[in-house]
Peer 1: 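Before anything else, here's the structure in question.
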Amino acid sequence: MVAGVADRWRWTIVVAIPVALAVVLGWRGGLSDRPDVVIAAADPFTLDPQKMSWQQELRLGRALFETLVRPDPDSAMPVPGAAESWDVSPDGRTWTFHLRPDARWSDGSQVTSGDFRDAWMRLMLPDMAADYSAFALEVDGAQAFFEWRSKALSEYAAAIESGERSPSGEAATALWEKTREQFDERVGLSCPDDLTLVVRLRRPIQYWLDLAGFATMSPVHRPSLAAALSINPTTGAVEVDPRWTKPGRLVSNGPFMLTAWEYQRRVRLEPNPQYWDRDRVLPRSVETRSYEDNNTAVLAFESGAIDWIADVTVDYRADMAAEVRAGHRTNLHVLPAFGTDYFQFNCRERLPDGRANPFVDPRVRRAFAMAVDKRILVENITRMHERVADSLTPEGSIPGYEPPPGLASDPAAAKALLAEAGWVDRDGDGVVQDAAGDPFPTVDILFSTSSTRYGAMALALRDMWRDALGVQVEVLGKDTKFFRDDLKRGQFLVARGGWFGDYGDPATFLELLRTGDGNNDRKYSSPRFDALLEAAAVEIDPIRRLDILRQAEALVVQDDLPLLPICRFVNVFMYDPSELEGISVHPRNEQDLARIAPRRPGSADASRGLGGAAP
Amino acid sequence: MTALILRRLAVAPVLVLTIMTIAFALTWLVPGSPLDDEGRAPPPEVAAAMQRQYRLDDPLVFYGQYLSRATGIAWLAGQADRPFDLGPSLRHPDWTVNEIIASGLPISAALGLLAIEMALVLGLTVGVLGALRPRGAIDLLGQAVTVIGISVPSFVTGAALLVLLAAKLHWFPVGGWGSWRDAVLPAFALSLPFAAYIARLVRFGLIEQMASDHVRTAMAKGLSRRQAATRHGLRNAFLPVLSYLGPATAAAMTGSFVVEKVFAVPGLGRHFVNAVLAKDITMILGIVLVYSSILVAMNLVVDVLYAAVDPRIRST
């Protein structure tokens with residue numbers, strides 16, 4: 001019996017210790033109350049406004065910070081933000097912004113023009129590595145400053161590497177002071193007083209307000225940034241202590257302030273009591289939660305734990321979309337987005353492995369484009385019934401711009417065009433050959449296996465091209481890293497691609513095809529296209545300018561076809577319009593978290609947020 | 001036994017360093033850079049500055065600096081302001097690897113321990129019940145369930161539990177991590193394969209023990225079959241379970257990725273897999289360091305426990 005008692009004790013210990021440990025380790029304060037609005041969205045990579053790049057970050061950036069102007073969610077047109085008014089010079093290059101005297105940081109201090117100047121300077125520093133530096137580089141002298149700083153940094157690092165100079169804080173600080181002087185001297189940003197910001201652009205930009213209102217152009221609270229800033233004595237680069245974006249340290253000037261951020265778990269926002277327009281902030285608390293498995297997010301939505309899934313990606317979403325079209329479901333919203341899904345042709349003379357590239361001939365690219373029936377792709381393959389696209393720029397999303405019609409599907413004409421390019425089936429084996437009798441090389445359709453969407457599309461394209469053109473086609477799925485590597489090296493004939501626009505102008509899409517652009521993976525290079533973009537860049541008359549851009553787009557979607565537009569992307573949201581209001585259904589997807597809130601009984605605006613069904 | 005522990009402790013760092021070096025070499029060979037993401041391509045000047053800042057231009061320099069910071073050598077030499085600095089995450093620049101491990105490890109550890117706990121309770125119950133009446137109805141049912149438990153992957157059981165108990169019956173919340181109720185389903189899903197394995201170990205061990213002389217003597221003295229089993233048979237039948245518990249605990253604490261993903265638990269397993277996909281070298285190395293340390297430590301703990309339970313091992 002003694003042994004029995006001891007045994008029992010031993011079992012109690014075996015059971016009790018891990019439970020106690022688990023409790024101590026796992027729960028040091030959980031999620032307390034249910035926030036007003038819970039959004040399922042990916043965790044942000046960063047909350048440093050100048051470093052943001054992803055949808056979920058930019059959305060939070062807009063909630064935490066306020067730019068000079070901000071886009072109206074329903075029209076995407078700029079409305080006054082931190083600036084109450086602005087003037088523009090007749091040459092369209094000098095913009096003077098007048099800041100609101102009552103604009104405040106969440107610590108109560110005044111938002112000043114210097115806060116904008118210093119924030120934008122951060123975008124112009126190569127050592128900040130901002131993804132969205134391009135907008136700030138439109139300021140006069142910014143490009144030259146960026147290049148000066150790059151050169152100075154690499155010289156500094158080289159001197160230390162060669163042993164010419166030893167790493168020292170003083171030398172690094174001196175370089176930083178020099179950099180500030182250079183910035184004041186070269187860059188067209190000035191602050192005549194605390195409430196006036198004068199911006200001199202390098203060229204007239206009609207859509208400048210769109211750029212100035214982009215979330216990365218937010219101001220920065222200078223005292224808290226200064227406290228986190230250090231200069232690396234070995235590289236001379238400025239580095240920011242990453243902890244400065246954490247709750248309690250991040251000072252913001254937007255409708256919200258950050259009250260919690262737990263890695264890959266949740267971000268919590270609460271109204272900023274110092275915000276000048278605090279009355280327009282509807283929810284008392286907003287939380288974004290990270291659900292890695294989208295199916296779990298859908299189940300959590302159905303259980304009432306989530307109010308809005310900002311991106312529904314589950315495999316069965318096409319079935320839910322069909323239920324919406326049949327009128328059996330009202331909480332899924334398939335909305336056209338400001339982006340185009342496409343496949344792209346390699347335009348290099350040869351592949352990296354030395355093979356000749358038949359797609360260097362625009363007629364071959366046109367033939368491949370015309371052989372595709374895009375309707376089948378969106379109705380039977382993706383089954384999301386996206387809007388079929390024959391142009392790069394989405395229709396109806398940029399005021400005053402209607403994209404060119406593009407090429408219609410015509411398999412017979414495609415076959416003839418391929419023959420005109422010299423590819424004819426000369427020996428009757430069903431495969432086309434060139435004049436020397438060499439068959440058309442096997443076309444591998446390269447795609448990333450990160451989503452099932454592109455594998456299915458590639459298979460359908462393979463069949464269409466085989467049947468219509470008599471070429472050998474195979475599909476080639478690769479893991480994302482390998483896919484991107486092949487893309488950058490140009491090791492492909494046909495590859496999947498896609499692009500979302502950043503601002504309300506066709507240039508946001510067309511720049512993608514400019515010679516030398518960092519995102520021109522196809523290495524398409526047309527002097528005529530580049531010249532049209534140049535001409536549009538200096539054109540002051542808005543109507544003429546859009547006309548030039550339309551010519552440029554026509555050139556690429558009707559004649560040269562460096563890429564084959566398939567369809568418009570869609571934003572797929574899940575929310576119950578009778579429960580939640582304020583979500584914008586505009587393609588630009590400029591969401592304003594300040595107006596998204598539970599619908600209260602007798603709400604004045606019943607139509608707002610009532611998203612449409614599939615396009 | 002002290003000698004055994006000392007010897008194992010001396011080998012442990014070498015073992016961990018070897019694992020980390022292999023992990024580093026494999027990661028480095030994967031194409032792409034942690035600094036480029038799916039989005040816009042940075043200008044070449046920016047890419048160069050980033051490469052310099054993180055020392056990604058030279059694997060030996062990078063790994064050397066990493067190790068000296070991670071081990072605290074740089075701190076001892078006065079080159080760093082804190083020891084055991086695993087650096088910033090290259091993909092999540094707002095977080096240091098130390099912060100991420102500090103947030104994810106307790107969650108994964110709690111989940112793993114709870115799962116092992118449940119596995120023990122479930123496994124012992126099913127195993128003992130089965131062994132009391134081999135080939136009886138309860139035993140056959142138990143055997144069938146354990147085969148399913150071992151062979152069905154946890155993303156299936158996890159999703160099924162989620163749909164049934166959380167989404168349909170609303171007994172538990174659907175995913176997340178905040179209250180104890182959030183932990184029940186993921187811990188249960190994670191525990192099933194372990195429970196099944198333990199049940200089988202206990203059943204076979206106990207059936208064998210029930211036929212042994214000392215158990216039969218106990219029953220001859222008047223103990224019921226159940227009393228004899230729990231008081232005399234189980235003690236020996238539990239030994240194989242004990243040796244299994246070490247690697248099982250390590251596996252439950254480090255291998256919960258799928259369950260964490262399905263139940264939206266912000267644990268280390270999820271962070272690890274995402275780090276590998278993004279080639280976030282500092283994150284990968286940091287988590288490999290933690291995981292290999294847990295594995296080595298758990299094996300050591302089991303050896304010590306084994307010695308404590310079985311006196312024959314103590315002398316060797």
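Because the structure is predicted, anything quoted here is derived from the model rather than measured. Every chain is numbered from 1, with letters handed out A, B, ... down the list of sequences.
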Peer 1: Within this structure, what is the OG1-NZ distance for the pair A:Thr480 and B:Lys279, rounded to the nearest 0.5 Å?
Peer 2: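 So the OG1 of A:Thr480 and the NZ of B:Lys279 are separated by 14.0 Å.
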
Peer 1: Where on A:Ala305 is there a heavy atom nearer than 4.5 Å to chain B: the side chain, the backbone, both, or neither?
Peer 2: neither

Peer 1: So which of A:Val240, A:Asp241, A:Leu153 has the biggest tally of heavy-atom pairs under 4.5 Å with chain B?
Peer 2: A:Leu153

Peer 1: Is B:Pro88 close to chain A through its backbone or its side chain, or both, or neither, when contacts mean heavy atoms under 4.5 Å?
Peer 2: neither

Peer 1: Among A:Asp521, A:Asp517, A:Thr245, which residue forms the greatest number of heavy-atom pairs with chain B at distances under 4.5 Å?
Peer 2: A:Thr245

Peer 1: Could you tell me which portion of A:Thr235 (side chain, backbone, both or neither) has an atom closer than 4.5 angstrom to a non-hydrogen atom of chain B?
Peer 2: side chain

Peer 1: Tell me the closest heavy-atom pair linking B:Ala264 and A:Tyr291, and the distance in Å.
Peer 2: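 So the minimum-distance heavy-atom pair works out to CB-CD2, 3.5 Å.
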
Peer 1: Which pair of non-hydrogen atoms, one from A:Asp293 and one from B:Lys261, has the smallest distance, and what is that distance?
Peer 2: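 Shortest heavy-atom contact: CB-O, 3.3 Å.
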
Peer 1: Indicate the atoms forming the closest heavy-atom contact of B:Pro266 with A:Arg265, along with that distance.
Peer 2: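 Nearest heavy atoms, B:Pro266 then A:Arg265: CG-CD, 3.5 Å.
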
Peer 1: Between B:Asp94 and A:Trp261, is any pair of side-chain heavy atoms under 4.5 Å apart?
Peer 2: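 In contact.
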
Peer 1: How far apart are the closest heavy atoms of B:Pro93 and A:Phe45, and which atoms are they?
Peer 2: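 Distance-wise, the nearest heavy atoms are CD-O, 3.9 Å.
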
Peer 1: In chain order, what residues pass the salt bridge (charged side-chain N to carboxylate O under 4.0 Å, His left out) check against A:Lys151, with sequence neighbours excluded?
Peer 2: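 Checked A:Lys151 against salt bridge (charged side-chain N to carboxylate O under 4.0 Å, His left out); matches are A:Glu155.
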
Peer 1: Quick one: what part of A:Gln55 sits under 4.5 Å from any heavy atom of chain B, side chain, backbone, both or neither?
Peer 2: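 Neither part; nothing is under 4.5 Å.
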
Peer 1: Heavy-atom count around A:Arg489 CZ within 6.0 Å, excluding the residue itself: above 12?
Peer 2: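 Count over threshold, so yes.
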
Peer 1: Which atoms of A:Asp485 come close to chain B, meaning under 4.5 Å heavy atom to heavy atom: side chain ones, backbone ones, both, or neither?
Peer 2: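 Contact with chain B: side chain only.
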
Peer 1: Spell out, as yes or no, whether a donor-acceptor pair under 3.5 Å connects the side chain of A:Thr296 to the backbone of B:Val262.
Peer 2: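 Answer holds: yes.
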
Peer 1: Decide yes or no for A:Ser290 and B:Arg270: does some side-chain heavy atom of the first lie under 4.5 Å from some side-chain heavy atom of the second?
Peer 2: yes

Peer 1: Does B:Trp95 offer a backbone N or O that forms a donor-acceptor pair with the side chain of A:Lys246 under 3.5 Å?
Peer 2: no

Peer 1: Measuring heavy-atom distances to chain B, does A:Leu47 have an atom under 4.5 Å in its side chain, in its backbone, in both, or in neither?
Peer 2: both

Peer 1: Is B:Glu99 close to chain A through its backbone or its side chain, or both, or neither, when contacts mean heavy atoms under 4.5 Å?
Peer 2: side chain

Peer 1: Starting at NZ of B:Lys168, measure out to CD of A:Glu302 and round the result to the nearest 0.5 Å.
Peer 2: 7.0 Å

Peer 1: Please check if atom CZ in A:Arg243 has more than 12 non-hydrogen atoms from other residues, nucleotides or ligands closer than 6.0 Å.
Peer 2: no

Peer 1: Going through the distances and angles, do A:Glu292 and B:Asn274 end up as a side chain to side chain donor-acceptor pair (under 3.5 Å)?
Peer 2: CA-CA 10 Å; A:Glu292 182 116 3; B:Asn274 289 335; 3.2 Å; yes

Peer 1: Can you confirm whether B:Trp28 is buried at CH2, in the sense that more than 12 heavy atoms of other residues, nucleotides or ligands lie under 6.0 Å from that atom?
Peer 2: yes

